[in-house]
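Note on naming: letters A, B, ... go to the chains in the order of the sequence lines (proteins, then strands), and numbering restarts at 1 for each one. All figures in this text were calculated on a predicted structure; none of them were measured in a lab. Just the heavy atoms: all of them, side chains too, but no hydrogens, waters or symmetry mates, feed the values below.
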There are 2 protein chains.
Amino acid sequence: MKKIYNNQVEVVLDLIGGKWKSEIIYHLGSGPIRTGELKRLVTGITQKMLIEKLKELEKDGLIIREAYNQVPPKVEYSLTNYGSSLKEILRVVCDWGDDYIKNTYPEGQVTILAHKHD
Amino acid sequence: MKKIYNNQVEVVLDLIGGKWKSEIIYHLGSGPIRTGELKRLVTGITQKMLIEKLKELEKDGLIIREAYNQVPPKVEYSLTNYGSSLKEILRVVCDWGDDYIKNTYPEGQVTILAHKHD
DNA sequence: CAGGATCCTGTATGATACTG
DNA sequence: CAGTATCATACAGGATCCTG
């Protein structure tokens, strides 16, 4: 199905928007991670959503899935060059968001589970 | 209702995510605009969605609504300082998206109604 | 002209149980 | 351990009509 966007920003939002993708990309920024560990790192995500988002990210060329032929199964995910290039963007957005939160919710009316960068 | 985010990026996604907000902010970047003209500029948006998104943006402190007491009614929307500071972010994201599109959809499988920046 | 009120629908997200 | 299959639900987005 052909997609129609109003602008390029919407394309990026399709890539990293939604509830989980930015967090997944963030964790993969430190290097390849196995499925199980990723599930532990991304607080609150279900198995289903994790696999679903990983598939989308892979299809969009942002991450790579590597399966090792062994029992028990071992699968590792890592960022592609494109995915890596997103890290800088996310860092800028993250900083902006951090500043926004500090100025807009001084009372701590929102909770951020993970920190700015690390 | 208290919101819980995994990271700061999700906060920003809440602010500018969804189908219309980035486009609205983009147009307001050129200066104050009346509701009707905004509706013309944002291709395909319905009255309802426009008003709804404008309210959200105002509540989040990104835009300002100014109503002039006259008949017929005149209402203008403009960016706050915070909204303006978003422009730089959006520009970076936009550039990244533009590059991504060129490299990933060389055949023009997607349509971008508005252009990069202008 | 600006905006509100209803009603409707697709899709993203989730809970849970299951398989090789 | 990694991934699937079902079923359920909440919410963003939309169509349409209405008002000062």
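With sequence neighbours excluded, the residues forming a side chain to side chain contact (heavy atoms under 4.5 Å, CB included) with A/R34 are A/K74, A/E76, listed by chain and number. Scanning for side-chain hydrogen bond (donor to acceptor under 3.5 Å, both in side chains) contacts around A/S85 gives B/W96, with sequence neighbours left out. Shown here are the side-chain hydrogen bond (donor to acceptor under 3.5 Å, both in side chains) partners of A/E23, two or more places apart in sequence or in another chain: A/H27, B/N7. Legend: residues meeting salt bridge (Lys or Arg N to Asp or Glu O under 4.0 Å) with A/K102, ordered by chain and number and at least two apart, are A/D98. In this view, A/Y5 satisfies the ring-ring contact (aromatic ring centres under 6.0 Å, His included) rule with no residue, not counting sequence neighbours. Evaluation of the side-chain hydrogen bond (donor to acceptor under 3.5 Å, both in side chains) rule for B/D60 yields no partner, not counting sequence neighbours. Residues forming a side-chain hydrogen bond (donor to acceptor under 3.5 Å, both in side chains) with A/N81 (at least two apart in sequence, or on another chain): none. Residues satisfying the side chain to side chain contact (heavy atoms under 4.5 Å, CB included) criterion with B/E66, sequence neighbours excluded, are B/Y68.
For A/D14 against A/K21, the heavy-atom pair with the smallest separation is O-NZ, 3.5 Å. Nearest approach of B/L13 to A/I16, heavy atoms of both residues: CD1-O, 3.8 Å. Smallest separation of non-hydrogen atoms from A/E10 and B/S22: CG-OG, 3.9 Å.
Phosphate contact (OP1/OP2 of D/dA12, side-chain N/O of B/K53, threshold under 4.0 Å): absent.
Residues of residues 14-25 of chain A having a heavy atom closer than 4.0 Å to DNA chain C, listed by number: A/G18, A/K19, A/W20. The stretch residues 66-79 of chain A comes close to DNA chain C through A/P73, each having a heavy atom under 4.0 Å from the strand. Of the residues in residues 29-41 of chain B, none has a non-hydrogen atom less than 4.0 angstrom from any atom of DNA chain D.
For the pair B/E10 CD and C/dA12 C1', the interatomic distance rounds to 14 Å; values are reported in whole Å. In this structure, B/E52 places its CD atom 11 Å from C1' of D/dC11, rounding to the nearest Å. Here the P atom of nucleotide C/dT13 and the CG atom of A/L50 are 13 Å apart, to the nearest Å. Going from atom CE of B/M49 over to atom P of C/dA2 covers 18 Å, rounded to whole Å. Rounded to whole Å, atom C1' of D/dC1 lies 14 Å from atom CG of A/L54.
The pair B/E58-B/K55 does not count as a salt bridge, with every side-chain nitrogen at least 4.0 angstrom from each carboxylate oxygen.
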Listing time: all N or O pairs from protein to nucleotides 4-9 of chain C that are below 3.5 Å?
| residue | atom | partner | partner atom | Å |
| --- | --- | --- | --- | --- |
| C/dG4 | OP1 | B/K55 | NZ | 3.1 |
| C/dG4 | OP2 | B/K55 | NZ | 2.8 |

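With hydrogens and angles left out, the side-chain atoms of B/N103 and A/Y82 include a donor and acceptor closer than 3.5 Å.
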